[in-house]
Amino acid sequence: MTTSKLMVEDPVGTIRTAVDGTDKILRFAVDKNVKAMVYLSSMEVYGQPRHEGKTREEDLGYVDLSSVRSCYPEGKRMCECLCTAYASQHGLRVTSARLAQTFGAGILPTENRVFAQFARSAAALEDIVLHTTGESEGNYVYSSDAVTAILLLLLRGEAGGAYNIANEQSHTTIREMAEMVAQELAGGKIKVRIEIPENPAALGYAPPVKMWLDASKMRSLGWEPKVGLTDAYRRMSEWMA
């Protein structure tokens with residue numbers, strides 16, 4: 001469940017789906033003596049970073065438990081904790097893949113996260129409308145690069161460990177990404193507009209964050225992302241068309 005609006009509409013369901021579902025899969029993996037498992041986590045486990053420079057796997061930040069939307073990042077943290085517990089107690093070789101925002105050819109027609117909205121606006125030659133100031137820094141990875149990383153973790157990932165999966169070159173603010181799409185995909189025929197809604201909290205947007213994921217741990221296993229942000233958009237747009 002990665003739709004922000006659903007997180008704030010059903011926070012209990014968000015938590016229970018994550019924790020209960022992950023626990024059942026982990027128990028199944030133990031019962032069937034699987035050789036390896038990868039849990040798909042998220043960069044949102046970092047919350048609000050409290051350090052300078054790139055964010056490594058040990059650099060967990062602050063998550064505001066008074067915020068309803070924290071059901072998602074805190075649920076992901078608990079799931080990672082379950083993975084560590086199963087690795088320790090049952091000897092399960094499970095690793096956590098902390099995915100940056102992942103997109104590319106093959107996204108579902110119902111996808112409504114910002115990258116899909118931007119691409120649709122460019123295709124229709126309609127202005128890109130931001131409902132925030134766009135200051136948050138985004139971390140991205142192309143779908144095929146993410147799949148390659150996940151498969152590599154099945155082969156070489158450390159039991160109970162966590163790995164950032166991000167293309168460090170595909171790092172930008174939401175506003176800068178919108179401007180890039182307007183220029184590169186729409187040929188400068190559209191512009192970026194900011195329209196802040198009266199109650200943005202109801203849309204479930206994550207709080208503004210300044211974070212640049214460090215993927216050196218993943219690269220140490222032999223992984224290198226191949227597709228940059230602009231090319232990722234072009235490939236996704238061709239698929240959507």
Side-chain angles (χ1 to χ4, degrees), residues 1-25 39-50 55 59-83 96-103 107-121 126-141 143 146 162 164-166 171-178 181 192-213 236:
M1 184 185 292
T2 57
T3 304
S4 294
K5 195 170 186 294
L6 293 179
M7 295 174 193
V8 297
E9 289 178 348
D10 185 17
V12 173
T14 300
I15 294 171
R16 298 213 69 88
T17 297
V19 177
D20 294 348
T22 301
D23 183 57
K24 289 180 180 179
I25 293 172
Y39 169 68
L40 299 187
S41 187
S42 166
M43 63 183 179
E44 287 208 32
V45 298
Y46 291 108
Q48 294 288 340
R50 292 175 165 175
T55 298
D59 295 326
L60 290 182
Y62 170 72
V63 174
D64 180 7
L65 296 185
S66 68
S67 168
V68 173
R69 197 194 175 284
S70 292
C71 61
Y72 182 74
E74 198 65 21
K76 286 291 188 182
R77 284 188 175 190
M78 188 63 221
C79 289
E80 284 199 25
C81 191
L82 270 174
C83 291
S96 294
R98 292 179 181 166
L99 290 163
Q101 197 157 101
T102 306
F103 72 91
I107 66 167
L108 295 174
T110 54
E111 179 60 71
N112 202 40
R113 281 175 286 179
V114 292
F115 54 79
Q117 293 180 30
F118 291 177
R120 290 191 189 103
S121 294
E126 297 174 348
D127 288 351
I128 295 175
V129 179
L130 300 183
H131 296 304
T132 69
T133 58
E135 296 175 3
S136 283
E137 295 178 8
N139 299 267
Y140 303 93
V141 63
S143 302
N164 290 336
I165 298 178
H171 173 268
T172 182
T173 67
I174 302 298
R175 176 66 184 267
E176 289 169 342
M177 184 170 69
V181 171
V192 177
R193 293 188 286 113
I194 296 178
E195 297 179 2
I196 308 296
E198 292 184 5
N199 185 18
L203 299 175
Y205 295 142
V209 64
K210 302 286 185 182
M211 179 172 60
W212 192 340
L213 290 181
M236 180 179 66

Are side-chain N/O atoms of Asn164 and Tyr46 paired as donor and acceptor at under 3.5 Å? yes
Nearest heavy atoms of Val45 and Leu60, plus distance in Å: O-CD2, 3.7 Å
Val209/Glu137 under side chain to side chain contact (heavy atoms under 4.5 Å, CB included): CA gap, chis, key distance, verdict: CA-CA 6 Å; Val209 64; Glu137 295 178 8; 5.9 Å; no
For the pair Asn139 (side chain) and Leu213 (backbone), establish whether a donor and an acceptor sit closer than 3.5 Å, ignoring hydrogens and angles. yes
Take Glu111 and Arg120 through the salt bridge (charged side-chain N to carboxylate O under 4.0 Å, His left out) test and state the conclusion after the steps. CA-CA 11 Å; Glu111 179 60 71; Arg120 290 191 189 103; over 6 Å; no
Backbone of Tyr140 reached by a side-chain donor or acceptor of Gln101 within 3.5 Å: no
Work out which heavy atom in Thr102 is nearest to a heavy atom in Arg113; give both atom names and the distance. O-NH2, 4.4 Å
Using modelled atom types only, decide if a donor and an acceptor are shared between the side chain of Asp23 and the backbone of Leu82 within a distance under 3.5 Å. no
For a quick test of reading the model, state the closest non-hydrogen atom pair linking Cys79 to Ala18 and the distance between them. SG-O, 3.2 Å
Which heavy atom in Met43 sits nearest to a heavy atom in Ala100, and how many Å separate them? SD-CA, 3.8 Å
Partner set under ring-ring contact (aromatic ring centres under 6.0 Å, His included) for Phe103, not counting sequence neighbours: Phe115, Tyr233
Spacing of CD1 belonging to Ile174 relative to OG1 belonging to Thr132, to within rounding of 0.5 Å: 7.0 Å
